[in-house]
Protein chains: 2
Amino acid sequence: MPERGRPRTFDRTAALRRAMEVFWAKGYEGASISDLTAAMGINSPSLYAAFGSKEALFLEATELYTQVEGTDIWSALEKAPTARQAVERFLRQTARAYSQTGRPQGCLIALGALHQDSSRGAICDDLRRRRAENREALLRRLERGVAEGELPADFDCGTAATFYATVQHGMSIQARDGASRSALLETVAGAMAAWIAMASTGAA
Amino acid sequence: MPERGRPRTFDRTAALRRAMEVFWAKGYEGASISDLTAAMGINSPSLYAAFGSKEALFLEATELYTQVEGTDIWSALEKAPTARQAVERFLRQTARAYSQTGRPQGCLIALGALHQDSSRGAICDDLRRRRAENREALLRRLERGVAEGELPADFDCGTAATFYATVQHGMSIQARDGASRSALLETVAGAMAAWIAMASTGAA
DNA sequence: TGAATTATGTATCGATCAACACAGAAAGCA
DNA sequence: TGCTTTCTGTGTTGATCGATACATAATTCA
């Protein structure tokens, strides 16, 4: 199926990946069109022709981020044989991902646009929705643990899901502060220490 | 000691407090001079005459924030009779402070400037330093718990301090997402569940 | 080959950014 | 009463923001 008109001279997906990295490092409003076009290797008219607007580009970038960077973390959650291992691997993968060198530290979804503004309501809403989905995924895995008898029937899955999702968010700020992998794993150790008490008595 | 020249027609401290609230809600780069002067009820030359620059104003605002908003949280840490109660009250005060209505949600120190940039290195450094001080205060209180015999000698104060500081940071993002007080207290419950395991076996 | 279509590069749009020039106003000091 | 000092309001600065106009280049379709 050949395309009409002059073909694009850059790789759209590669350019999107570069844009994702800029947004990841600088946040939505901290990333200017100049920053983006410089990293993408194109001029601004090409950016607008290919992606529509800065906002639309950001939404595509977060989707790419979710697929590319989130896979390891969330597959760990699904594939682990027990809920406890699922949560632990989820957090350990997070620690690993947030402390990789040569890339921005912390999570684009968590840090990309925290300050709501009339001009970026859609951006904040999108990220909020994705953060809520993270908690939902945790919640589903915990409820599975209850259904399978691994966890007591009175285990408070909602509290635990909120807690572990919040810990992960905190790890993004910790990573932005330059925390080493071992420092992030300290947080993981603390969070997993909570598991014992939560699983044995029901939450808190 | 009377001042020379025309006296200021606005209350400098009150104006600073307004500026603090704007920075708190919008972050450093999200708060424009127009936003600030509108909230402070002054024109920009008065702002620059009284505070020097946007950056200097922000640094004063964070200092005011630390003194005004941080007092309850950190006095809870110092005054509680046991380390455990200290940490729990610290987190519960955090949940309370982060979910008060009629004010920005979450913490100015945690959320004010997460994306480093050449133009705001001093801002990021200042906030990072204050976040590090939070962890240090937690660490000192925990070490006191060990010294007083409340906690076992092999209790890993560093790990626990990192963990609880990170939980608090996560609560800022949770609060920004509109979490209710009870949702924040779920996170507190999870974090305190970790205490039992950490204090009984040494950290994780 | 020529018309239609799409992408690219240059150059720029109006808006807004942080910051300030300037003149007049309001105080203390002589 | 001047004189000095400091603050206030109007207006504006150059830079940068996100987003486009426009002409040209490169492709498909007829």
Side-chain angles (χ1 to χ4, degrees), chain A residues 1-16 18-20 22-23 25-61 112-113 115 117-124 126, chain B residues 1-16 18-20 22-23 25-61 112-113 115 117-124 126:
Chain A
M1 186 186 293
E3 304 283 344
R4 295 268 307 206
R6 178 176 177 174
R8 190 175 281 125
T9 58
F10 63 95
D11 182 334
R12 189 182 189 279
T13 303
L16 178 59
R18 296 298 196 86
M20 176 192 79
V22 173
F23 281 129
K26 300 194 165 193
Y28 176 72
E29 66 180 349
S32 70
I33 297 292
S34 297
D35 294 331
L36 292 163
T37 54
M40 298 162 87
I42 59 177
N43 295 111
S44 57
S46 296
L47 187 156
Y48 282 93
F51 299 100
S53 67
K54 184 187 179 185
E55 186 169 303
L57 175 61
F58 183 84
L59 295 176
E60 274 202 59
H115 303 289
D117 193 315
S118 56
S119 68
R120 48 183 184 277
I123 299 296
C124 287
D126 180 70
Chain B
M1 183 184 293
E3 305 283 342
R4 294 268 304 203
R6 177 175 176 175
R8 190 174 282 127
T9 57
F10 63 93
D11 182 335
R12 190 183 189 279
T13 302
L16 178 59
R18 296 297 196 87
M20 177 192 80
V22 173
F23 282 129
K26 300 193 165 194
Y28 176 71
E29 66 180 349
S32 70
I33 298 291
S34 297
D35 293 332
L36 292 164
T37 54
M40 298 162 86
I42 59 176
N43 294 113
S44 57
S46 296
L47 187 155
Y48 283 93
F51 300 100
S53 67
K54 184 185 177 183
E55 186 170 305
L57 175 61
F58 183 83
L59 295 176
E60 276 202 59
H115 303 289
D117 193 314
S118 56
S119 68
R120 47 181 184 278
I123 300 297
C124 287
D126 180 70

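Side chains included, hydrogens not; waters and symmetry mates left out as well; all remaining heavy atoms used. A, B, ... follow the sequence lines: proteins, then strands. Residue 1 opens every chain.
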Nearest non-hydrogen partners of [X] and [Y], listed with the distance:
| X | Y | answer |
| --- | --- | --- |
| B:Cys124 | B:Ala113 | SG-O, 3.4 Å |
| A:Phe51 | A:Ala56 | O-CB, 3.2 Å |
| A:Ala31 | A:Phe23 | CB-CD2, 3.7 Å |
| A:Ala122 | A:Glu55 | CB-OE2, 3.3 Å |
| B:Asp35 | B:Val22 | CB-CG1, 4.1 Å |
| B:Ser44 | B:Ile33 | CB-CG2, 4.0 Å |

What is the distance, rounded to the nearest whole Å, between atom [atom1] of [X] and atom [atom2] of [N]?
| X | N | atom1 | atom2 | result |
| --- | --- | --- | --- | --- |
| B:Phe10 | D:dT6 | CZ | C1' | 12 Å |
| A:Glu3 | D:dA26 | CD | C1' | 14 Å |
| B:Leu47 | C:dC17 | CG | C1' | 14 Å |
| A:Arg12 | C:dT6 | CZ | P | 15 Å |
| A:Glu55 | D:dG18 | CD | C1' | 12 Å |
| A:Glu29 | C:dT16 | CD | C1' | 14 Å |

Original post:
Just checking A:Phe51: base, sugar-phosphate only, or nothing, at a heavy-atom cut-off of under 4.0 Å?
Top reply: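 Here A:Phe51 touches no strand at all.
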
**OP:** Look at all strands and tell whether A:Pro45 reaches a base, only sugar-phosphate, or nothing, counting heavy atoms closer than 4.0 Å.
**Re:**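 Counting heavy atoms under 4.0 Å across all strands, the contact made by A:Pro45 includes a base.
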
Original post:
Would you say the side chain of B:Arg4 and the base of C:dA27 hold a donor-acceptor pair, judged only by whether the two atoms sit under 3.5 Å apart?
Top reply: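 In this structure, the two groups form no donor-acceptor pair.
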
**OP:** Strictly below 4.0 Å, heavy-atom distances to any atom of DNA chain C: list the hits from residues 30-43 of chain A, or just say none.
**Re:**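 DNA chain C contact set from residues 30-43 of chain A: A:Asn43.
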
Original post:
How bent is the helix from C:dT1-D:dA30 to C:dA30-D:dT1, comparing axes over its five end pairs at each side, to the nearest 10°?
Top reply: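 Inter-axis angle at the ends, rounded: 10°.
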
[N] OP1/OP2 closer than 4.0 Å to side-chain N/O of [X]:
| X | N | value |
| --- | --- | --- |
| B:Ser46 | D:dT8 | yes |
| B:Arg6 | C:dA25 | no |
| B:Thr9 | D:dC7 | no |

Subject >> Interatomic spacing from OG in B:Ser32 to NZ in B:Lys26 - rounded to 0.5 Å >> reply: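 If we round to the nearest 0.5 Å, B:Ser32:OG and B:Lys26:NZ are 6.0 Å apart.
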
Subject >> Contact nearer the 5' end of DNA chain C, comparing B:Lys54 with B:Gly5 >> reply: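 Looking at the nearest nucleotide for each, B:Lys54 comes out on the 5' side.
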
Original post:
Between B:Met40 and B:Leu57, is a side-chain contact (heavy atoms from CB on, under 4.5 Å) present by the stated rule, with each step listed?
Top reply: CA-CA 12 Å; B:Met40 298 162 86; B:Leu57 175 61; 4.2 Å; yes

**OP:** Determine yes or no for a side-chain-to-main-chain donor-acceptor pair under 3.5 angstrom, with B:Lys54 supplying the side chain and B:Tyr28 the backbone.
**Re:**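 Yes, B:Lys54 side chain to B:Tyr28 backbone: donor-acceptor pair under 3.5 Å.
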
If you check every side-chain atom of [X], which of [options] has the closest atom?
| X | options | result |
| --- | --- | --- |
| B:Ser44 | D:dT4, D:dT27, C:dA19 | C:dA19 |
| A:Tyr48 | D:dC7, D:dT20, C:dC20 | D:dT20 |
| B:Ser53 | C:dA26, C:dA19, C:dT6 | C:dA19 |

**OP:** Evaluate the criterion side-chain contact (heavy atoms from CB on, under 4.5 Å) for residue pair B:Leu59 and B:Ile123; output intermediate values, then yes/no.
**Re:** CA-CA 7 Å; B:Leu59 295 176; B:Ile123 300 297; 4.2 Å; yes

